[in-house]
Amino acid sequence: MNTQKTITKTVTEDMLAVSVGSGTLQVLGTPVLAQLYESAAMQLAAEYCDSGFTTVGCFLSLSHDAPTPLGMEIKVTAILAKHEKRFFEFQLEASDETGIISKGSHTRVAVESKKFQHKADDKLNAAVNRHLEQYS
């Protein structure tokens, strides 16, 4: 199995800080960088999960140290640093064509897909029922 996953993207308008509401400049938005890190880690962790299981993010820490403009290519890498039972810990690094722009860490936990989704659905149903009771 692999121990690292790299995603390569070209920065597009929908990835800019001004487009995602995290800033006023036409540079890669930090929330987009976070999403790419999570995606790389999720894809890598999936290789270790049994059928019917997925992983969910439970911790993410990153620095965003340099701007990347529209049209420049970025590479986002998640490296599996530790896998113990249900927990996956990743070291993260992103670079553009001029060098490293970000580093971080991320933790994911394996969950049974159907059970986890039912838990979320039950939470919504309980909230809807509370709301209905207020107005009946």
Side-chain angles (χ1 to χ4, degrees):
M1 285 190 213
N2 293 319
T3 57
Q4 80 176 47
K5 173 70 176 174
T6 299
I7 295 174
T8 302
K9 294 273 187 184
T10 298
V11 177
T12 57
E13 284 196 37
D14 61 320
M15 298 167 71
L16 300 177
V18 68
S19 298
V20 298
S22 67
T24 59
L25 300 175
Q26 293 192 27
V27 296
L28 177 66
T30 304
V32 175
L33 184 57
Q35 182 274 323
L36 291 169
Y37 276 144
E38 282 217 60
S39 183
M42 182 224 24
Q43 291 175 46
L44 181 54
E47 296 181 28
Y48 293 81
C49 289
D50 292 333
S51 179
F53 283 78
T54 189
T55 60
V56 293
C58 58
F59 174 81
L60 176 64
S61 176
L62 67 93
S63 66
H64 193 170
D65 305 314
T68 303
L70 178 67
M72 188 171 273
E73 186 177 273
I74 58 167
K75 290 184 180 184
V76 174
T77 301
I79 300 165
L80 183 59
K82 186 177 180 182
H83 175 209
E84 189 172 295
K85 297 184 182 179
R86 296 175 45 217
F87 292 88
F88 297 82
E89 294 180 17
F90 300 90
Q91 293 302 311
L92 310 171
E93 185 174 287
S95 59
D96 62 22
E97 298 168 41
T98 64
I100 295 172
I101 62 164
S102 173
K103 289 189 177 191
S105 61
H106 180 45
T107 303
R108 299 188 71 79
V109 63
V111 297
E112 190 175 346
S113 299
K114 287 182 181 179
K115 184 177 178 183
F116 194 86
Q117 188 62 56
H118 285 301
K119 183 178 179 180
D121 294 344
D122 288 347
K123 193 175 189 178
L124 176 60
N125 291 335
V128 168
N129 288 335
R130 277 194 307 275
H131 180 74
L132 291 174
E133 287 173 3
Q134 288 178 340
Y135 296 100
S136 58

Practice item. Name all residues meeting the side-chain hydrogen bond (donor to acceptor under 3.5 Å, both in side chains) criterion together with T3; count only those two or more places apart in sequence or in a different chain, and write none if there are none. Key: none
Review point. Do you know which two heavy atoms are closest between S102 and S63, and how far apart they sit?
Key: OG-O, 2.5 Å
Review point. Mind checking what makes side-chain hydrogen bond (donor to acceptor under 3.5 Å, both in side chains) contact with E47, not counting sequence neighbours?
Key: N2
Practice item. Keeping to residues at least two apart or across chains, list the ring pair (Phe, Tyr, Trp, His ring centres under 6.0 Å) pairs with something in residues 116-136. Key: H131-Y135
**Study point:** hydrophobic_cluster_shared for F59 and F87, side chain cutoff 4.5 Å
**Key:** no
Check your understanding: Other hydrophobic cluster members with V128, side-chain heavy atoms of Ile/Leu/Val/Met/Phe/Trp/Tyr under 4.5 Å, chained?
Key -> L124, L132
**Study point:** From CA spacing to verdict: side-chain contact (heavy atoms from CB on, under 4.5 Å), V111, R86
**Key:** CA-CA 8 Å; V111 297; R86 296 175 45 217; 3.9 Å; yes
Check your understanding: Looking at residues at least two apart in the chain, or sitting in another chain, which of them share a side-chain hydrogen bond (donor to acceptor under 3.5 Å, both in side chains) with S113?
Key -> none
Practice item. Verify the neighbour count for atom CD of Q134: are there more than 12 heavy atoms of other residues, nucleotides or ligands below 6.0 Å? Key: yes
Point to revise | In one Ile/Leu/Val/Met/Phe/Trp/Tyr side-chain cluster, 4.5 Å: L92, V109 | key: no
Revision key, fill the gap. Side chain to side chain donor-acceptor pair (under 3.5 Å) pairs touching residues 48-61, sequence neighbours excluded, are T55-R108
Check your understanding: In chain order, what residues pass the side-chain hydrogen bond (donor to acceptor under 3.5 Å, both in side chains) check against N129, with sequence neighbours excluded?
Key -> none
Review point. If you round to the nearest 0.5 Å, how far is CG of L62 from OG of S105?
Key: 9.0 Å
Exercise for review: Look up atom CZ in F88 and atom OG1 in T107, then write down how far apart they are to the nearest 0.5 Å.
Suggested key: 11.5 Å
Check your understanding: What pairs of residues pass the ring pair (Phe, Tyr, Trp, His ring centres under 6.0 Å) test when at least one of them lies in residues 7-34, not counting sequence neighbours?
Key -> none
Review point. CD of E89 to NE2 of H83: how many Å apart, nearest 0.5 Å?
Key: 11.0 Å
Review point. Going by the ring pair (Phe, Tyr, Trp, His ring centres under 6.0 Å) test, which pairs reach into residues 17-46, not counting sequence neighbours?
Key: none
Exercise for review: Only pairs at least two apart or in different chains count here, so list each salt bridge (charged side-chain N to carboxylate O under 4.0 Å, His left out) that has a residue in residues 110-136.
Suggested key: none
Show me the side-chain donor-acceptor pairs of residues 66-80 shorter than 3.5 Å, one per line, residues at least two apart or across chains.
unit_1	atom_1	unit_2	atom_2	d
T68	OG1	D96	OD2	2.9
T77	OG1	T6	OG1	2.8

When the side chains of residues 16-33 are checked against the rest of the protein, which donor-acceptor pairs come out under 3.5 Å, sequence neighbours left out?
unit_1	atom_1	unit_2	atom_2	d
S19	OG	E13	O	2.6
T30	OG1	H64	ND1	2.7

